[in-house]
Amino acid sequence: MLLLAAAFIVAFVLLLYMVSPLISPKPLKLAGAHVVVTGGSSGIGKCIAIECFKQGAFITLVARDESKLVQAKKEIEKYAINDKQVVLCISVDVSKDYRQVENVIKQAQEKLGPVDMLVNCAGTSIAGKFEEIDIDRFSRLMKVNYLGSVYPSRAVISTMKERRLGRIVFVSSQAGQLGLFGYTAYSPTKFALRGLAEALQMEIKPYNVYVTVAYPPDTDTPGFAEENKSKPLETKLISETSSLCQADQVAKVIVKDAVQGNFNSSVGSDGYMLSSLTCGMSPVTTITEGLQQVVTMGLFRTIALFYLGSFDSIVRRCMMQRERCEKEEKTD
């Protein structure tokens, strides 16, 4: 009976691997495609633009700082694989005025054709204790990190549906999969992208348009360096429990998943575990992906409990150390 059950499981898994390609989206060809990257003047956004350009795409970079855009354009153009490729730069704040965002997307499409892939990478971060963060920063982060992705996506969605072709990428964060000390302003804005992506994917999947939500870990970027300046000790110690990734490594994974039409995009073993743990009712691209989530859920939840215990321990130790220092100061 055991041999029969084992044979059945093996046959079932093999069948899933055979059927999965039939229900998976057809990969998007980047050669000649028009890719728009917001937040494309530095960090992960710039590396995504480079990765797409290496594969023959035409690039539109969107960011606020015009001088950084020009510098990024020069850097990206070095990776051209033919003399027809173009890098277009547009300076605009994607979180302020939808009509302005809509107009610049139209300009880009008039010059380089309809948008085949939109990568929403514009974002900012702040770390600090809930009661110490300036109250205006909460609304500011929501505008940049959430509405800054809503506006460009809204501007391209109609054309993508008409063409029955397209990819939309939302660059979230591992802080958009679990809430951590110090990220009370930041995490909710990244969690919001997950909700938007799930609802949007259900609307546009029949039109052969696919959404990808990327959850990069701590990545060596100018934004991360700026964030570190205000990080509480607890947040730094928790961040140090995992390694720092390089932006080009993260970009390669995101582009690969977007091209394949995968809903989730994660980096490394920690990222894979987090995505499986937090999958909930999110879409799956293949049957095998769903099966893997079902099989690994119990094990990953057990491992996660140890992580959570470790994080709580870090917070308690920092609190006790702080209280001890305060007592010593009062005594002196």
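Basis for what follows: all heavy atoms, side chains included, without hydrogens, waters or symmetry-related copies.
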May I have the list of side-chain donor-acceptor pairs in residues 156-163 shorter than 3.5 Å, sequence neighbours left out?
| residue | atom | partner | partner atom | Å |
| --- | --- | --- | --- | --- |
| R163 | NH1 | D116 | OD1 | 3.1 |
| R163 | NH2 | D116 | OD1 | 3.0 |

Run the salt-bridge test on K236 and E240 with the 4.0 Å N-O cut-off and return the result as yes or no. no
Kindly indicate, with the supporting measurements, whether the criterion salt bridge (Lys or Arg N to Asp or Glu O under 4.0 Å) is fulfilled by E75 and K78. CA-CA 6 Å; E75 187 175 342; K78 296 176 183 176; over 6 Å; no
[X] side, atom [atom1]; [Y] side, atom [atom2] - distance, nearest 0.5 Å:
{"X": "S173", "Y": "R194", "atom1": "OG", "atom2": "CZ", "answer": "13.5 Å"}
{"X": "I90", "Y": "Q100", "atom1": "CD1", "atom2": "CD", "answer": "10.5 Å"}
{"X": "K205", "Y": "F263", "atom1": "NZ", "atom2": "CZ", "answer": "10.5 Å"}
{"X": "R167", "Y": "N208", "atom1": "CZ", "atom2": "CG", "answer": "6.5 Å"}
{"X": "S153", "Y": "L147", "atom1": "OG", "atom2": "CG", "answer": "11.0 Å"}
{"X": "L277", "Y": "L299", "atom1": "CG", "atom2": "CG", "answer": "9.0 Å"}

Minimum heavy-atom separation for [X] and [Y], please, with both atom names.
{"X": "A197", "Y": "V211", "value": "CB-CG1, 3.7 Å"}
{"X": "K190", "Y": "G176", "value": "CB-CA, 3.6 Å"}
{"X": "D220", "Y": "A247", "value": "O-CB, 4.3 Å"}
{"X": "P216", "Y": "S172", "value": "CD-O, 3.6 Å"}
{"X": "M117", "Y": "C52", "value": "CE-SG, 3.7 Å"}

Beyond-backbone contact of [X] with [Y], side-chain heavy atoms, under 4.5 angstrom:
{"X": "M273", "Y": "Y307", "value": "yes"}
{"X": "L193", "Y": "S149", "value": "yes"}
{"X": "F58", "Y": "V86", "value": "yes"}
{"X": "V62", "Y": "V92", "value": "yes"}
{"X": "V255", "Y": "Q55", "value": "yes"}
{"X": "E289", "Y": "N264", "value": "yes"}
{"X": "L118", "Y": "V169", "value": "no"}
{"X": "L30", "Y": "F53", "value": "no"}

Is there a side chain to side chain contact (heavy atoms under 4.5 Å, CB included) between M319 and V315? Walk through the geometry before answering. CA-CA 6 Å; M319 183 188 72; V315 173; 5.6 Å; no
Going hydrophobic residue to hydrophobic residue with side-chain gaps under 4.5 angstrom, can you get from [X] over to [Y]?
{"X": "I168", "Y": "V213", "result": "yes"}
{"X": "V94", "Y": "L112", "result": "yes"}
{"X": "V171", "Y": "L200", "result": "no"}
{"X": "I59", "Y": "L88", "result": "no"}

Judged by modelled atom types alone, do T219 and T221 share a side-chain donor-acceptor pair under 3.5 Å? no
Testing the 3.5 Å rule here: is there a donor-acceptor pair between the side chains of K106 and N103? no
Full working for side-chain hydrogen bond (donor to acceptor under 3.5 Å, both in side chains) between Y183 and E227: CA-CA 11 Å; Y183 287 133; E227 176 193 321; 2.4 Å; yes
Any donor and acceptor pair, going by atom type alone, linking the side chain of S275 with main-chain N or O of S266 inside 3.5 Å? no
Do side-chain atoms of S91 reach the backbone of D65 as a donor and acceptor pair under 3.5 angstrom? no
Look at atom OH of Y207 and say whether more than 12 heavy atoms of other residues, nucleotides or ligands are closer to it than 6.0 Å. no
Qualifying residue for side chain to side chain donor-acceptor pair (under 3.5 Å) with N145, from T189, N120, T124: T189
Which residue, K129, R317, R322, forms the side chain to side chain donor-acceptor pair (under 3.5 Å) with E234? R322
Check step by step if salt bridge (Lys or Arg N to Asp or Glu O under 4.0 Å) holds for K327 and E323. CA-CA 6 Å; K327 286 181 181 179; E323 289 178 344; 6.0 Å; no
Report the C-alpha separation of E102 and R99 in whole Å, then their side-chain angles, then the decisive distance to 0.1 Å, and conclude whether the salt bridge (Lys or Arg N to Asp or Glu O under 4.0 Å) test is met. CA-CA 5 Å; E102 186 180 37; R99 296 303 170 195; 3.1 Å; yes
Could you tell me whether F130 and F138 have their ring centroids closer than 6.0 angstrom? yes
Under the side chain to side chain contact (heavy atoms under 4.5 Å, CB included) rule, what do F224 and D218 come out as? Steps first, then yes or no, please. CA-CA 7 Å; F224 181 74; D218 284 345; 3.5 Å; yes
